[in-house]
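In what follows, a single structure is set out as structure tokens and then discussed.
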Protein chains: 2
Amino acid sequence: MGTSLNRVEEEDYSSYTNSSDFISISLEDNNNTTKTATSTSKSSSELHPVCLPPHVTTWQKLNHRLREIFFPDDPLHIFKDQSWRRKLVLAFQYVFPILRWAPHYSLSLFRSDLIAGLTIASLAIPQGISYAKLANLQPIIGLYSSFVPPIVYSVLGSSRHIGIGPVSVASLVMGTMLDGEVSHSNKKDLYLELAFTSTLFAGLFQASLGIFRLGFIIDFLSKATLIGFMAGAAVIVSLQQLKGLLGITHFTSDMELIPVLESVFNSIKEWKWETIVMGFCFLIFLLVARFIIGHLPKGVNPTSENKLYFHGPHLQLAIKTGIITGILSLTVSSLTLILKSFLTIVHGSFSRSAVNYNAGAKTIFSNIVMAATVLVTLLFLMPLFHYTPDFVLAAIIITAVVGLVDYKAALRLWKLDKLDFVACCCSFFGVLFISVQIGLAIAVGVSVFKIILHVTRPNTVVLGNIPGTQIFRSLNHYENATRVPSFLILSIESPIFFANSLYLQERISRWVRGEENRIRENNESALKCVILDMTAVTAIDTSGIDAISELKKNMDKRSLQLALVNLVGTVMEKLHQSKTLDSFRSKGLYLTVGEAVDDLSSSWKHWP
Amino acid sequence: MGTSLNRVEEEDYSSYTNSSDFISISLEDNNNTTKTATSTSKSSSELHPVCLPPHVTTWQKLNHRLREIFFPDDPLHIFKDQSWRRKLVLAFQYVFPILRWAPHYSLSLFRSDLIAGLTIASLAIPQGISYAKLANLQPIIGLYSSFVPPIVYSVLGSSRHIGIGPVSVASLVMGTMLDGEVSHSNKKDLYLELAFTSTLFAGLFQASLGIFRLGFIIDFLSKATLIGFMAGAAVIVSLQQLKGLLGITHFTSDMELIPVLESVFNSIKEWKWETIVMGFCFLIFLLVARFIIGHLPKGVNPTSENKLYFHGPHLQLAIKTGIITGILSLTVSSLTLILKSFLTIVHGSFSRSAVNYNAGAKTIFSNIVMAATVLVTLLFLMPLFHYTPDFVLAAIIITAVVGLVDYKAALRLWKLDKLDFVACCCSFFGVLFISVQIGLAIAVGVSVFKIILHVTRPNTVVLGNIPGTQIFRSLNHYENATRVPSFLILSIESPIFFANSLYLQERISRWVRGEENRIRENNESALKCVILDMTAVTAIDTSGIDAISELKKNMDKRSLQLALVNLVGTVMEKLHQSKTLDSFRSKGLYLTVGEAVDDLSSSWKHWP
């Protein structure tokens, strides 16, 4: 009996269910040892029951869903099953993570932190100065960003690897957005006030994202679009530095490619060959050495001031700028923190955390060391460099932003995912030819469109049986998979929503039509049953429910049986509530495709 | 040997893979006849190989993808494998479907069509008049919409069930949008020109959607949001008719709830009790009888005119109105055409197709009968009703739009899908309190947000083994499913995109943490392996690829094995191209969860 099954299986799958009384398979055929005894079709009571999931109230579902949306990391898990006293200690440590590591701090930890802190300081000082320039601010303000925030972070922060400081993209966007409305050269004070106010709003926005657990908003800036965005921004910023490198005095403050190039070539007469030679020599030196760790700023330690702008016509601009820069810097740092693997290919704004990580920072104390170093610089070294020529700053900025053009990552996108590459190009050219904000908007739009497109036009795949098993896989993917006569087995690779319910109905009808044509051409046995593998249909809405019942009616009209396999809990529940499931109760619901094929074909009972 | 397996399986799954040399199972235990011989773990060569899908070039992929997006219905399938002559005939029939049915037309078909045509005409005449009123147009223009389009459709159209005519929602939106800028009472001629131009653009827009195969755009108006939208619009329109019912002369042209109610109550002095009594009596009569098939319009047959508006300040408005009404009417008619099941609960704008369907229309000729009837009305009956009192029109409109408030469908949404109900409410209140266009925008926004939310926060489900089988299902859903000691089996229920890659990494880490805590509390055997069932991961982008390799590194750090099960073709290909798959090659890739569990647990070889 066993050997007969082996022989039959290789020739004609339709005999497969004949051997329902067969239990053991032979051992003598070595090529077929993978074949398992699969017969289960003697009577329907032998099937594994398909049951509804246990009842859950709407309130429980909502509670679960909200917790999944807002607290995916379960931030309070450390408090579970603790005494009240311990809970209090943990709560303090939760708010002030410094309490966690400070009591155990040792000399050897300090040694590592000292080296790491000094290393990142040597990176932070020139970065602070050049990023300040990107935001059209004085270098000293850039240095403050490497001095105050690290100290705050060392008390409140929790990741020892993250290096705190300004983010190039955010600085650039702030510079452009503010300068578009208020010129930094003509209205210096107003510009400074707006910059401070924007920064405050960026902070408030970030804090509220944290408090209201809305961090997932930043997930919508995909890495692909950021790569394009940063490259585009880097090109623009580099071109703008031609002002300093060529010694041009009249230059556009626009950020688009065309006005910048126009500015460069319309002022050919202004080009100063001395500046050009010196600037380019210095630039080549920097690019060759990639030695951007210099000490070149100006100014002394000023008192902190209350230059905030809370009224008047530009407040809206300040808020908008704050929100956009807030999102941008969060995105950049979350990418830095979580995707360390990505760090290996991206330099630039990620570089500080990378250095901190590689320099072996043991605790957040490394940030304090860095802050102290920056303070020393502010107090003692900066007066030495009071007058830095423009071409030097320009060269530094170019060197810093060139690293943002990550062509390797772009190539990888092209190789792996063409749509990601398109998103990357859109944001690159958006920044280059339209504007920084529009470029960013296009990038987000393309990213969201990608998701939407995947949902509106989901794949449907025809499955076949892998001979000698109960496994059913895509005919296109597994070449040894074979069609089961009289069955069309489709796997639907997406939740069924209003956005794809009509499409899926049409597509499934077309599969059926195609299969019937194929059968007619090859004179095979007629199609009798369509099985939908619903494993990947992880959700359904009311349009989807209607689509299923409509499909059932259509199949009934064509005298085809329709069976649903492996319904996910929530989908099953909704189909049950809408009474759609009722028409599937007998011979329409199965746990696996194999059981569906066995049961249905044995129920027809007209095999040769 | 067989009996020992049966006993062992019921007690402890961990012994399951012990019996790897077991081949036959006993017959004596009747309760266990569903158990199949599943052992495959003797050596890895017994596993079913996981292979890469056959190579497909980028161009082939793009071609396939574009065809799926733009030609899901394969519109040219009828031309396949036909002679050139036959192809020409088919092409003519494709463009002019009348050629398909006209040659076979018979008297009996005509009889059915005559009855159906007369029936829908009796519905079309009052509808045309009241819908014209919604668009602030003369009744006669409404009647033309039931006269010209059906004739055009009978030549070019292909569905015999669809009844052609004006759509209430589209009429309403056009009326509001145009009236917001150009008052229909003060600037009658300009308003009429704009209305004609909008209609032209609506038609051009719909035609271009058809030609460029962009019909999927209309999928984004979900049924749920349309239900809310139509109910909100119906309430507003009904309230506006209070002008006619109460005999008020000074009335707002705004469409929001608050200005309309203000208008009603600020003009209490204008209320005329005679109009009120007559109006409400007539309204009650109509509502009780639902007898809206009357003959009440005015006017005679005018010549067609060239009143189009292609220049000047309002052109943008006309285009915008055209596009929005074009989308709306397409959505309504596509819902009518495809989801007939839905018709049973929705009246109003769908009613004409429903009547046509129920009246037994056999061919599109029923539309010609209807058009002829409307023409007769235009020529002979209309002068009789030249002066229709406003309160009569108001009562007709209220009766017509009341059917749009489909509370039963709204209740069904609440029962089946809370998020759909929220979308419905948002569009209802958006229309009621803000404006028709904003209401529509909110509705689309909520619908898209629903999709996005599902993608950003996908489910992850813990699977367990259904005893005695190789089947693994959700522990929450199937109560008889049991955990496999030392394994954590997770099913990821969504494609992995940038929008959820960080979330999934966090969530999986949390599952692992939770499982380790659970094991510690229950003193079970330590966690050794995490299996990800990737069946529902039907797509992946570069962020997703990074997430997988990051996850692999994390698991390696925790000394846990990570195995991927049932990778879909495209996902597998991308993981292969990015070299991520390399680290999974040995003991990391399986065709089914069962094989993964068997192979991994047998490879550890330290079972008691």
Side-chain angles (χ1 to χ4, degrees), chain A residues 23-24 27 33-34 36-38 40 46 48 53 68-69 72-74 216 219-220 222-224 338-339 341-342 413 415-417 420 451 454-457 459 466 471 474 477 493-495 497-499 502-503 506-507 510 535-536 538-539 541-543 545-546 549-550 569 574 577-578 591-592, chain B residues 23-24 27 33-34 36-38 40 46 48 53 68-69 72-74 216 219-220 222-224 338-339 341-342 413 415-417 420 451 454-457 459 466 471 474 477 493-495 497-499 502-503 506-507 510 535-536 538-539 541-543 545-546 549-550 569 574 577-578 591-592:
Chain A
I23 295 296
S24 66
L27 261 172
T33 43
T34 54
T36 56
T38 44
T40 53
E46 284 173 349
H48 298 106
E68 285 295 311
I69 292 172
D73 52 344
D74 192 17
F216 66 85
D219 292 350
F220 282 96
S222 71
K223 241 163 29 189
I338 305 183
L339 294 172
S341 63
F342 192 62
L413 292 180
K415 229 180 81 191
L416 293 183
D417 194 318
D420 269 359
I451 294 185
H454 190 265
V455 174
T456 46
R457 289 292 183 264
N459 263 343
I466 294 190
I471 304 171
S474 163
H477 185 166
E493 299 202 332
S494 158
F497 286 136
F498 64 92
L502 298 186
Y503 166 78
E506 263 182 44
R507 197 66 188 79
R510 191 178 143 198
T535 311
T538 50
D541 70 355
T542 44
S543 307
I545 294 170
D546 289 335
S549 67
E550 197 58 30
K574 282 187 187 169
Q577 281 171 351
S578 65
L591 210 55
T592 67
Chain B
I23 296 297
S24 68
L27 261 170
T33 43
T34 54
T36 56
T38 45
T40 53
E46 285 175 350
H48 298 106
E68 285 294 313
I69 291 172
D73 52 345
D74 192 16
F216 66 87
D219 292 350
F220 281 96
S222 71
K223 239 162 32 188
I338 305 182
L339 295 172
S341 64
F342 193 62
L413 292 181
K415 228 180 81 191
L416 292 183
D417 193 317
D420 269 359
I451 293 185
H454 189 265
V455 174
T456 46
R457 290 291 183 263
N459 263 343
I466 294 190
I471 304 171
S474 163
H477 185 165
E493 299 202 331
S494 158
F497 287 136
F498 65 92
L502 298 186
Y503 167 78
E506 263 184 44
R507 198 66 188 77
R510 193 177 141 199
T535 312
T538 50
D541 70 355
T542 44
S543 307
I545 295 170
D546 290 335
S549 68
E550 197 59 29
K574 281 187 188 170
Q577 280 171 352
S578 65
L591 210 56
T592 67

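Just so it is clear: chains get the letters A, B, ... in the order the sequence lines come, proteins before strands, and each one is counted from 1.
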For A:Asp420, which residues count as a side chain to side chain donor-acceptor pair (under 3.5 Å) partner, sequence neighbours excluded?
->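 Partners of A:Asp420 by the side chain to side chain donor-acceptor pair (under 3.5 Å) criterion, ordered by chain and then number, come out as A:Lys450, B:Thr542.
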
A:Thr538: side chain to side chain donor-acceptor pair (under 3.5 Å) partners, not counting sequence neighbours =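 With neighbours one apart ignored, the set is empty.
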
Measure A:Ile471 against the heavy atoms of chain B and call it side chain, backbone, both or neither at under 4.5 Å.
->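 For A:Ile471, the side chain is the part near chain B, not the backbone.
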
Taking all non-hydrogen atoms of both residues into account, name the closest pair between [X] and [Y] and its distance.
| X | Y | answer |
| --- | --- | --- |
| B:His454 | A:Ala539 | NE2-CB, 3.1 Å |
| A:Ala536 | B:Thr535 | CB-O, 4.3 Å |
| B:Lys415 | A:Gln577 | O-OE1, 3.4 Å |

By a 4.5 Å heavy-atom criterion (distance strictly below it), what part of B:Ile466 contacts chain A: side chain, backbone, both, or neither?
->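 Contact with chain A: side chain only.
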
